[in-house]
Structure formats: C-alpha cells, structure tokens
Amino acid sequence: MQLLWHIFRWFCGGVVFCALQLLLTGNCHWTDLAVFSLLCIPLDAVNERMPWTFPLWLQAVLGGIVLIVSQLTAGMVFNVWLGLGLWDYTSLFGNFLGQICLRYALLWLLLAGPLLILFDMIGFRSGGPWPHYKLI
C-alpha cells in the first residue's frame, strides 16, 4: 500500500511540473509528465531520509540539487543514449551538454521546497508523521 502512496506522490509532482511548464511555455507533452514523475522518485527518496532537524531551506536546496542531477541523468539516458530528443537546452545560456541549463536549474531549486512539503503532506495522509519544519 505504501508503494501506491509513493507513486501518487511522484505523479502529483509530475502534474505540478507539467502545470508550470504549461504556464511558462504553453505546452506539455505526456512524455513530460512521465519524465517529471520519474524525476520525483529520487527527490522522494531523499526526502524520506532527511531529518526534520534540517532547516526547510536546506531541504529545498538539497532537493533542488537532487532534481538537477536527476534531470541530467534522465537527459543523458533518454536524449543522448536512447536518442529520444525529449528536450535540448543547447541554445540556452549556461547549459551543460544540452541536458540542463541555468534557467531550469534555478527553477528546480525554487520548486523543490514546495514539492517536499507536498510529499510530506501526502505522506501524512498515508499514515506518516505530521510534518514539522525548522525555518532556520
């Protein structure tokens, strides 16, 4: 049953990312939802292991780094090795191998905190502890 709650978290994270992408670019393909949901798996895993004593800002920064590394990894697998061409950031400033760029890395850092809170709230609904955060 816990696995279903985790899958629900990942899907909710994917929906959040797709909604934001729709707002920013006007489009979101089903593959984006799938990839964004996959990127939530390592974020959820890290969130499960971070102690409540970590300040929320630190949890968000660590979560953002996890998302950036996950996007780079997914990009290398899906775009470079499998040749699916799901995204290409080579024309954007501060890109690395066309798979991540500064603009979206900053976006991941901003989104990680709210996503972690969303995951914690879903975790509470599934029988986990009530989330309690330190701001500093």
Side-chain angles (χ1 to χ4, degrees):
M1 189 62 166
Q2 273 307 98
L3 178 60
L4 291 176
W5 282 106
H6 283 284
I7 292 170
F8 180 67
R9 287 183 215 185
W10 307 333
F11 179 75
C12 287
V15 168
V16 168
F17 289 131
C18 277
L20 189 61
Q21 185 175 5
L22 278 171
L23 286 173
L24 294 175
T25 66
N27 64 14
C28 185
H29 195 265
W30 71 267
T31 56
D32 296 327
L33 176 62
V35 170
F36 290 151
S37 296
L38 285 174
L39 293 179
C40 286
I41 294 171
L43 178 64
D44 189 26
V46 167
N47 186 41
E48 290 282 308
R49 286 157 185 78
M50 273 193 277
W52 293 110
T53 56
F54 279 19
L56 185 56
W57 68 267
L58 180 58
Q59 291 182 42
V61 168
L62 293 173
I65 291 168
V66 166
L67 286 170
I68 293 164
V69 171
S70 298
Q71 184 184 21
L72 176 61
T73 303
M76 296 305 292
V77 171
F78 295 131
N79 296 329
V80 176
W81 297 332
L82 297 177
L84 298 178
L86 299 177
W87 65 85
D88 181 6
Y89 299 146
T90 53
S91 65
L92 297 178
F93 172 77
N95 81 83
F96 180 71
L97 302 174
Q99 304 310 308
I100 56 174
C101 68
L102 188 57
R103 175 192 309 169
Y104 293 116
L106 292 174
L107 186 62
W108 290 128
L109 287 171
L110 291 174
L111 283 175
L115 277 177
L116 292 173
I117 293 170
L118 174 67
F119 289 176
D120 290 339
M121 291 300 173
I122 293 171
F124 172 71
R125 295 290 299 162
S126 68
W130 176 254
H132 51 283
Y133 304 104
K134 287 177 46 178
L135 296 180
I136 299 176

* Asked: Would a 4.5 Å heavy-atom cut-off, applied to side chains only, mark Leu86 and Val35 as touching?
  -> yes
* Asked: Judged by atom type as modelled, is there a donor-acceptor pair below 3.5 Å linking the side chain of His132 to the main-chain atoms of Trp130?
  -> yes
* Indicate, with yes or no, if Leu56 and Val61 share a hydrophobic cluster defined by side-chain heavy-atom contacts under 4.5 Å among Ile, Leu, Val, Met, Phe, Trp and Tyr. => no
* Do the side chains of Val46 and Leu116 get nearer than 4.5 Å, heavy atoms only? -> no
* Do the side-chain N and O atoms of Asp88 and Asn79 include a donor-acceptor pair separated by under 3.5 angstrom? -> no
* To do: Can you establish whether the number of heavy atoms outside Trp52 located under 6.0 Å from its atom CH2 is more than 12?
  => yes
* Do Tyr133 and Asp120 come close enough that some side-chain heavy atom pair is under 4.5 Å? -> yes
* To do: Could you state whether Leu20 and Val66 fall into the same hydrophobic cluster, counting links through intermediate Ile, Leu, Val, Met, Phe, Trp or Tyr residues with side-chain heavy atoms under 4.5 angstrom apart?
  => yes
* To do: Using atom types as modelled and distance alone, determine if a side-chain donor or acceptor of Asp44 lies under 3.5 Å from a backbone N or O of Ile41.
  => no
* To do: State, yes or no, whether a side-chain contact exists between Arg125 and Phe8 at a heavy-atom distance under 4.5 Å.
  => no
* If you group Ile, Leu, Val, Met, Phe, Trp and Tyr by side-chain heavy-atom gaps below 4.5 Å, do Leu107 and Tyr89 land in one group? -> yes
* Using the test ring-ring contact (aromatic ring centres under 6.0 Å, His included), find all partners of Phe17 that sit at least two apart in sequence or belong to another chain. => Phe36, Trp108
* Validation row: Tyr104, Ile68 side chains within 4.5 angstrom (heavy atoms) -> no
